[in-house]
Amino acid sequence: PQSGLPVIGRDEINTVVQAMPLRQRGAGSISIPGSSGAMDFFEPFPINPDTFVGAHDLNNLKLLGQSGKEAWARGKTDVLRRTIRATTEAMAAKALSGSLIWPVLLEGGTYENYQVDFGAPVAYVPAKLFTAGDATIKDVFAVLNDMAELLQDNGYGSEIEFWAGKAVYGAVLALADNHKSTAKIRVEVTAQGINIGDYLIKRRTEKNRHPHTG
C-alpha cells in the first residue's frame, strides 16, 4: 500500500505473514513473528530526470497548433516516463542479489553510492540440472513446485511468477519439445511462455544498463 511517510521501516519489508494461534478471551494479544522494536528505516530517493528544451524547439512550437503542441509534450513526457521505468527495473534487478548499490547525486553535484542491504535472498538448488542427459519435464515440474513451496514458507505472496534467462529457458524448451503431454502433466508452449502443469515460465532476456559502469 501507499505510504504517507518519507521512509519505510525494515519491519514492513521483512515481516512474514503466516497463520497465528487463537486467543482466549481475556488473554493478551500475540506478537507477529519477526517484529521488533528496532527503529531501522530506509529512505527511498526520487528519480528526477529532465530533458533540455532549446530556443529552436520553442520557435518551432510557435508553428504548431494546439494538438501539435500537445503531441510534442506527450513525446517529451514519454521519454521521461520510460527513463524512470528503466531506472526502476535496473535497480530491482540489482536488488535480486540481496543488496542494492546505486549512484546518488548529492547537493554539491558529486555522486556517491546509495546502498541498502535487504539480506540474503531465498535460494533453491535443483538436485538435477535441466541440461542433464536423463532430465525430463517431470524434473522441471518438481523444481517449480519446490520453489513455489519455498517462497510460501518464507511468507511471500501466493501470486508467484517464474522467470527464466536465455540458457534455462532454452533447456526447458528442449525438454518440452521432447515431452508428450499427458493428463498428469500438461505441457504447452505459447507466446506467453512455457506452461508446465499450470506453472508458467516466462522468458526474460532483458539487459539493464548501469548509469556509470555501463
Side-chain angles (χ1 to χ4, degrees), residues 1-3 8-23 30-36 40 42 44 85-102 116-208:
Q2 187 84 11
S3 174
I8 299 175
R10 182 183 292 271
D11 280 356
E12 295 181 52
I13 300 174
N14 291 345
T15 298
V16 176
V17 178
Q18 60 188 28
M20 294 285 289
L22 300 176
R23 178 188 69 89
I30 306 170
S31 296
I32 295 176
S35 61
S36 67
D40 191 4
F42 301 119
R85 184 176 182 87
T87 305
T88 305
E89 289 182 353
M91 292 174 65
K94 291 283 288 183
L96 289 175
S97 65
S99 65
L100 170 66
I101 301 176
W102 202 257
V116 178
D117 292 317
F118 299 102
V122 176
Y124 175 81
V125 180
K128 181 188 299 182
L129 295 179
F130 298 158
T131 53
D134 59 344
T136 66
I137 208 71
K138 291 182 180 179
D139 296 315
V140 179
F141 179 81
V143 167
L144 299 176
N145 200 42
D146 289 346
M147 290 175 68
E149 289 184 357
L150 183 63
L151 289 173
Q152 291 171 357
D153 289 344
N154 281 272
Y156 295 99
S158 58
E159 296 183 12
I160 299 173
E161 282 196 5
F162 290 97
W163 296 348
K166 180 180 179 181
V168 175
Y169 194 88
V172 176
L173 184 61
L175 294 176
D177 286 340
N178 296 326
H179 176 78
K180 293 183 179 179
S181 188
T182 64
K184 292 183 178 179
I185 300 181
R186 182 174 63 87
V187 179
E188 184 181 11
V189 180
T190 67
Q192 285 72 39
I194 306 172
N195 192 314
I196 301 175
D198 289 335
Y199 288 127
L200 180 64
I201 303 177
K202 297 182 178 180
R203 180 177 56 193
R204 302 306 299 250
T205 57
E206 298 89 346
K207 290 185 177 181
N208 299 294

Find the distance between CD (E149) and CG (L151) and round it off to the nearest 0.5 Å.
10.5 Å
Give a yes or no on this: more than 12 heavy atoms of other residues, nucleotides or ligands lie within 6.0 Å of atom CZ of R204.
yes
How close do I194 and Y169 get, heavy atom to heavy atom, and via which atoms?
CG1-OH, 3.5 Å
Can you tell me how far NZ of K138 sits from NE2 of H179, rounded to the nearest 0.5 angstrom?
8.0 Å
Can you tell me how far the CG atom of N178 sits from the CD1 atom of I137, to the nearest 0.5 Å?
9.0 Å
Which donor-acceptor pairs under 3.5 Å do the side chains of residues 195-202 make with protein atoms, sequence neighbours left out?
| unit_1 | atom_1 | unit_2 | atom_2 | d |
| --- | --- | --- | --- | --- |
| N195 | OD1 | D198 | N | 2.9 |
| D198 | OD1 | R186 | NH2 | 2.9 |
| Y199 | OH | N145 | OD1 | 2.7 |
| K202 | NZ | E161 | OE2 | 3.2 |

Nearest 0.5 Å, please: how far is NZ in K94 from CG in L100?
8.0 Å
Looking at side-chain heavy atoms only, is the closest gap between V116 and W102 below 4.5 Å?
no
Shortest non-hydrogen separation from A171 to F130 and the atoms involved:
CB-CB, 4.0 Å
Euclidean distance, Y124 OH relative to D146 CG, rounded to 0.5 Å
3.5 Å
Within the supplied structure, the quantity of interest is the number of heavy atoms (other residues, nucleotides, ligands) at a distance under 6.0 Å from K128 NZ; does it exceed 12?
yes
Do L173 and V189 have side chains that approach each other closer than 4.5 Å (heavy atoms only, starting at C-beta)?
yes
So which atom in S97 and which in P121 form the shortest heavy-atom distance, rounded to 0.1 Å?
O-CD, 3.6 Å
Does any non-hydrogen side-chain atom of D139 lie less than 4.5 Å from one of T136?
yes
Considering residues at least two apart in sequence or located in another chain, which fulfil the side chain to side chain donor-acceptor pair (under 3.5 Å) criterion with N208?
none
Quick one: pull up CG in L150 and CD1 in I160 and give me the separation to the nearest 0.5 Å.
9.5 Å
Compare all side-chain heavy atoms of P44 with those of I8 and state whether any distance is below 4.5 angstrom.
yes
Residue pair F162 / L144: nearest heavy atoms and the distance that separates them:
CZ-O, 3.4 Å
